[in-house]
There are 2 protein chains.
Amino acid sequence: MRISELSRHSGVSVTTIKYYLREGLLQPGRQTAATQAEYDDQHLRRLRLIRALTGVRGLSVSTTRDVLDALAEHTGDTHRLLGLALGSLRVDDEPAEETPEAAEVAALVEELGWDVHESAPARAALAETLSSLRSLGVPLDRRTLLPYARLAERTATLDLDQLDGLTDPLEAAERALLLTVLLEPALMALRRMAQENESARRHPSQDLP
Amino acid sequence: MRISELSRHSGVSVTTIKYYLREGLLQPGRQTAATQAEYDDQHLRRLRLIRALTGVRGLSVSTTRDVLDALAEHTGDTHRLLGLALGSLRVDDEPAEETPEAAEVAALVEELGWDVHESAPARAALAETLSSLRSLGVPLDRRTLLPYARLAERTATLDLDQLDGLTDPLEAAERALLLTVLLEPALMALRRMAQENESARRHPSQDLP
DNA sequence: AGCATTGGATACCTTCACTATCTATGTTAG
DNA sequence: CTAACATAGATAGTGAAGGTATCCAATGCT
């Protein structure tokens with residue numbers, strides 16, 4: 001497959017593919033001559049993955065590269081793979097501030113009995129959101145958060161169930177990435193629809209025409 | 001409060017505040033003279049809200065303006081308010097394509113018995129994600145999606161519970177916005193931690209040092 | 001009186017994600 | 001065989017987004 005075919009099959013313009021090659025998101029094709037290279041199905045698949053991560057999920061090009069690099073560097077352990085994929089989603093230059101919210105998150109994780117790495121970026125993400133909400137006058141205490149966490153637990157069970165039966169570690173890694181990252185907008189969409197439904201149920205007053 | 005004080009209290013630079021004023025995200029202060037205006041706590045609160053939406057949630061400035069406008073135009077009905085807040089989060093220029101995924105989403109909503117507006121942006125968002133996942137070889141059928149939807153239902157119940165007891169419609173509207181939009185990163189962070197925990201539980205092989 | 005601060009306007013800057021153009025080389029149809 | 005077209009790789013340009021800097025005249029504070 002030459003670059004123009006790759007472009008036609010993926011719907012991504014040749015110039016954009018070249019851009020991704022430059023940025024290191026896509027492996028170069030197999031060179032057949034000085035001005036000719038051959039691409040295969042792997043490239044097509046990778047290209048679709050890139051478009052999904054940047055388009056649907058809105059990841060930046062550089063974050064996408066980090067995620068794909070982590071995916072390529074997998075060493076066979078699903079746990080580690082997932083951690084890598086998750087970890088790449090946030091650049092933690094600063095070594096996690098010592099805010100009261102961070103302590104609150106730690107306490108929550110403790111109470112849940114979760115085995116979560118100390119430097120997991122999700123900890124900081126949660127702490128940051130809690131801090132924002134508090135400054136806006138909506139402090140979420142552990143009691144409020146706990147039932148959400150229990151639901152997250154069950155969501156994670158569903159997620160992991162879908163990785164069962166995948167023996168190829170590379171395939172498992174990619175599936176994990178897709179389910180973790182790409183399912184997020186889907187879950188949020190479900191939540192919004194459920195909110196609309198629940199709101200309509202509780203306040204059957206006036207419905208919009 | 002003058003602009004420099006507003007800046008100091010919020011941690012946002014004076015030039016950026018001026019930028020927000022230009023963009024219509026912030027109401028102008030009460031003019032006390034040709035070159036003097038007075039800002040109050042409402043402005044400070046609004047400014048914090050803007051920073052939360054753009055910073056934590058990553059909304060664009062123009063989307064943020066739309067959301068805040070919707071918030072100001074509330075008419076007293078919580079259901080409508082929520083719909084407005086939710087609806088503003090996605091620009092639906094195109095009138096929802098007729099993809100197979102859109103039909104699948106409609107069937108899912110039907111099966112769930114949810115009362116969700118036909119043109120709810122969340123429908124399109126879900127359909128788009130499903131389409132992406134399918135093109136990547138991970139087709140999620142209704143059977144797989146259903147348990148996720150049931151969990152979303154229970155999450156929504158928790159969300160709506162927190163709006164109970166708020167009598168001031170403006171306050172309820174703002175709370176709804178915060179819980180809908182700002183809680184998203186928190187819920188995703190919980191899910192990621194839960195995934196890590198569940199993965200560790202299932203594959204206790206080698207743990208990272 | 002005199003100097004810093006303010007509101008308002010305008011111009012400028014940086015990053016991001018592409019997009020266009022150029023050149024030297026290859027491929028291919030007639 | 002050659003003219004027309006495609007390709008790889010390099011470099012430069014584009015447009016939107018989100019600020020930032022500068023300037024100015026009017027004002028407030030001391």
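By convention in this document, chain letters (A, B, ...) are assigned in the order of the sequence lines, proteins followed by strands, and residues within each chain are numbered from 1.
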A.B. asks: Please check the phosphate of D:dG19 (OP1 and OP2 only) for any side-chain N or O of B:Y20 closer than 4.0 Å.
C.D. replies: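 Answer yes for this pair, as a side-chain N or O of B:Y20 is under 4.0 Å from OP1 or OP2.
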A.B. asks: Could you work out how much the helix from C:dA1-D:dT30 to C:dG30-D:dC1 bends, comparing the axis of its first five pairs with that of its last five, to 10°?
C.D. replies: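 End axes: 0° apart.
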A.B. asks: Can you check whether A:V12's main-chain N or O pairs, donor with acceptor, with A:S7's side chain at less than 3.5 Å?
C.D. replies: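 The answer is yes, because a donor-acceptor pair under 3.5 Å joins these two groups.
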A.B. asks: Rounding to a whole Å, what distance do you find between B:L59:CG and D:dA17:C1'?
C.D. replies: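 Value for this atom pair: 14 Å.
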A.B. asks: Scan residues 4-18 of chain A against DNA chain D and write down, sorted by residue number, each residue with any heavy atom closer than 4.0 Å; if none is found, say none.
C.D. replies: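 Correct list: A:S4, A:K18.
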A.B. asks: Should the pair A:R192-B:E184 be classified as a salt bridge under the 4.0 Å nitrogen-to-oxygen rule?
C.D. replies: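 Salt bridge: yes.
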A.B. asks: In whole angstroms, how far is the P atom of D:dG19 from the CZ atom of B:R65?
C.D. replies: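 From B:R65 CZ to D:dG19 P: 13 Å.
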A.B. asks: Can A:E38 and A:R2 be counted as an ion pair, charged N to O under 4.0 angstrom?
C.D. replies: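 No.
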A.B. asks: Expressed in angstrom and rounded to an integer, what is the separation of B:L53 atom CG from D:dA17 atom C1'?
C.D. replies: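 Atom CG in B:L53 sits about 17 Å away from atom C1' in D:dA17.
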A.B. asks: Return the CD to OG1 distance between A:E23 and A:T64, rounded to the nearest 0.5 Å.
C.D. replies: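 Going from the CD atom of A:E23 to the OG1 atom of A:T64 covers 11.0 Å.
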A.B. asks: Donor-acceptor pair, B:S131 side chain versus B:A127 backbone, under 3.5 Å?
C.D. replies: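 Checking the backbone N and O of B:A127 against the side chain of B:S131, no donor-acceptor pair under 3.5 Å is found.
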A.B. asks: What is the distance from OH of B:Y19 to P of C:dC13, rounded to the nearest Å?
C.D. replies: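 In whole Å, C:dC13 P and B:Y19 OH are 17 Å from each other.
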A.B. asks: Ignoring hydrogens and geometry, is there a side-chain-to-backbone donor-acceptor pair from B:Y148 to A:D159 under 3.5 Å?
C.D. replies: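 Yes; at least one donor-acceptor contact below 3.5 Å.
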A.B. asks: CG of B:L126 to CG of B:L145: how many Å apart, nearest 0.5 Å?
C.D. replies: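 CG of B:L145 is found 6.0 Å from CG of B:L126.
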A.B. asks: Rounded to whole angstroms, how far apart are CE on A:M1 and C1' on D:dA8?
C.D. replies: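 One finds 17 Å between C1' of D:dA8 and CE of A:M1, rounded.
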A.B. asks: Is the backbone N or O of B:L183 less than 3.5 Å from a side-chain atom of B:R57, with the two atoms forming a donor-acceptor pair by type?
C.D. replies: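 Looks like no, no N/O pair under 3.5 Å.
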A.B. asks: Donor-acceptor check, side chain of A:Q162 to backbone of A:L179, threshold 3.5 angstrom: yes or no?
C.D. replies: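 A pair under 3.5 Å: no.
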A.B. asks: I'd like to know if A:R2 reaches the base of C:dT28 with its side chain such that a donor and an acceptor end up less than 3.5 angstrom apart.
C.D. replies: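 Answer is no: no donor-acceptor pair is held.
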A.B. asks: Would you jot down, in residue-number order, the residues of residues 27-52 of chain A having a non-hydrogen atom under 4.0 Å from DNA chain C?
C.D. replies: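 Output list: A:A34, A:T35, A:Q36.
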A.B. asks: Would you kindly say whether A:R65 and A:Y20 are connected by a side-chain donor-acceptor distance under 3.5 Å?
C.D. replies: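 No, no side-chain donor-acceptor contact under 3.5 Å.
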A.B. asks: Side chains of B:E196 and A:W114 only: does a donor on one sit below 3.5 Å from an acceptor on the other?
C.D. replies: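 Side chains of B:E196 and A:W114: no pair found under 3.5 Å.
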A.B. asks: On DNA chain D, check which nucleotide each of A:I3 and A:R22 is closest to and give me the residue with the more 5' one.
C.D. replies: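 Its nearest nucleotide lies further toward 5', so the answer is A:I3.
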